[in-house]
Q: 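Okay, handing you the structure first.
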Amino acid sequence: MKNKLLITLLASLVMSANVALAESAKDIIASAETAQKKAASVGGEWRDVGKFIKAAKTALKNGDKKKATKLAKKALQQSKDGYSQAMRQAEVALELPAYMKK
Amino acid sequence: MNKKFKTIVLAITYSLIITSTNLQADVANDIERFQGYLMKKFPDISKQDFADGVYAIDKSSRESWEEIEEFPPYEIQIDDGKVMWDSKFANGKSYADCFKDGPAVAAQYPRWDKEKSMVITLPLAINNCLKANGEKPLKYKKGKINDILSYMTFESRGQTTNVKVPSDDPKALEAYNKGKHFWLARRGQLNLSCAACHAQNAGNKIRSEILSPALGQTTHFPAYRSKWGTVGTLHRRFSGCNKQVRAKPFKAQGEEYRNLEYFLTAMSNGIKLNGPGARK
């Protein structure tokens with residue numbers, strides 16, 4: 001009886017951890033997509049972000065939540081970096097570089 | 001006309017003259033600095049030589065390029081393009097009805113269209129012609145656009161690049177400046193700009209390839225690239241370059257690449273067209 005209770009408790013712990021991981025991966029994918037759109041809105045999207053998001057969704061669908069999370073985090077970070085880069089570059093002076101002096 | 005009104009009219013007139021003079025001075029100044037920098041960097045070649053790209057600055061690859069040019073790989077596209085030019089659309093008209101000066105009009109593009117308030121490139125003009133005559137427009141990177149472009153560009157060989165940024169429309173300068181900004185801005189995961197590779201590091205190697213100087217880059221498109229195994233457009237090359245620095249490319253013939261083409265072609269003003277070209 002005691003063993004049965006312990007097994008049931010362990011099983012439910014593992015199940016809720018899996019659910020939490022899946023939801024976490026889902027959330028990160030959603031965040032990555034939002035960040036991707038934000039970067040794209042300023043012309044700062046990087047080349048592989050879309051590929052990572054697509055691969056993350058496939059991984060999640062196949063039950064590989066760890067891979068999905070890793071890829072989604074990569075997409076999210078690259079989107080943030082792309083956005084920051086574009087915003088910094090928007091401040092670049094409209095002057096030809098100093099090394100191209102007359 | 002009273003004195004106060006006269007003063008106001010004169011002030012507005014002078015400011016317009018100054019603005020338009022400054023506008024032309026900005027563009028002319030850019031061209032002088034751009035061309036001057038690269039010509040100083042490669043003093044052993046003439047301004048026209050820049051139209052040959054990396055083959056003007058690298059002797060060993062020039063030899064293989066010259067051999068390739070003896071039997072140009074873009075000849076098929078030129079022939080197919082002539083067939084397209086000579087063929088009638090379903091409505092009985094042809095490209096000649098849109099391009100009244102004939103096929104040799106590549107040097108007229110890119111140009112500022114005041115009415116549409118945008119840069120018009122030759123591929124865009126070709127598709128505008130097709131759409132106006134009820135024909136399906138061509139794709140902008142691969143396929144038949146390269147045939148008609150190859151023919152028209154070949155017929156235009158020897159014409160001089162002469163992009164104008166008209167002084168009577170500030171939006172033209174805005175488009176030019178947007179193209180200039182694109183060229184200067186770092187992008188992608190590799191954080192490189194067009195300027196970083198093709199001006200600052202022109203002649204240097206990136207992995208195994210020599211970076212071509214930005215001067216003269218637009219004179220020989222469309223170009224047969226060995227990598228593509230066929231002829232491709234300038235915007236296909238822009239797209240490839242952006243991908244190589246791990247930036248998501250923009251749409252071919254979208255505003256970004258048209259403005260970039262406007263700026264970059266202006267920087268090669270004075271250089272004769274020599275397309276289609278053959279490149280690695």
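Numbers restart at 1 for each chain; the letters A, B, ... are given by sequence-line order, proteins then strands.
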Q: Quick one: which of Lys40(B), Lys41(B), Gln200(B) has the most heavy-atom pairs under 4.5 Å with chain A, could you say?
A: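 Max contact count across the listed options: Gln200(B).
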Q: How close do Tyr99(A) and Tyr37(B) get, counting heavy atoms only, and between which atoms?
A: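 Looking at all heavy atoms of both residues, the closest pair is O-CD1, 3.1 Å.
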Q: By a 4.5 Å heavy-atom criterion (distance strictly below it), what part of Asn191(B) contacts chain A: side chain, backbone, both, or neither?
A: both
Q: Using a 4.5 Å heavy-atom cutoff, which residues in residues 72-88 of chain A come close to chain B?
A: Gln78(A), Gln85(A)
Q: Mark yes or no for whether Lys180(B), through its side chain, and Leu94(A), through its backbone, hold a donor-acceptor pair below 3.5 Å.
A: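 The answer is yes, because a donor-acceptor pair under 3.5 Å joins these two groups.
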Q: Nearest 0.5 Å please: distance from the CG atom of Asp26(B) over to the CD atom of Glu95(A).
A: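 Output value for this atom pair is 8.0 Å.
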Q: Identify the residues of residues 244-269 of chain B whose heavy atoms come closer than 4.5 Å to a heavy atom of chain A, ordered by number, or report 'none'.
A: Arg246(B), Ala247(B), Lys248(B), Phe250(B), Phe263(B)
Q: Considering only heavy atoms, which portion of Glu32(B) lies under 4.5 Å from any heavy atom of chain A: side chain, backbone, both, or neither?
A: side chain
Q: Check side chain to side chain donor-acceptor pair (under 3.5 Å) between Arg186(B) and all other residues, then give those that pass, not counting sequence neighbours.
A: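 Result, side chain to side chain donor-acceptor pair (under 3.5 Å) vs Arg186(B): none returned.
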Q: Does Lys142(B) NZ have over 12 foreign heavy atoms under 6.0 Å away?
A: no
Q: Non-hydrogen contacts under 4.5 angstrom with chain B: give the residues of residues 33-44 of chain A involved, or none if there are none.
A: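 The residues closer than 4.5 Å to chain B, in numerical order, are Gly43(A).
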Q: Testing the basics here: between Asp30(B) and Leu96(A), what is the closest heavy-atom pair and its distance to 0.1 Å?
A: O-CD1, 3.5 Å
Q: Chain A: which of Gln189(B), Arg187(B), Arg33(B), His181(B) shares the most heavy-atom pairs with it under 4.5 Å?
A: Arg33(B)
Q: Search all heavy atoms of Met100(A) against all heavy atoms of Ala199(B) and return the closest pair with its distance.
A: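 That closest heavy-atom pairing would be CE-CB, 4.0 Å.
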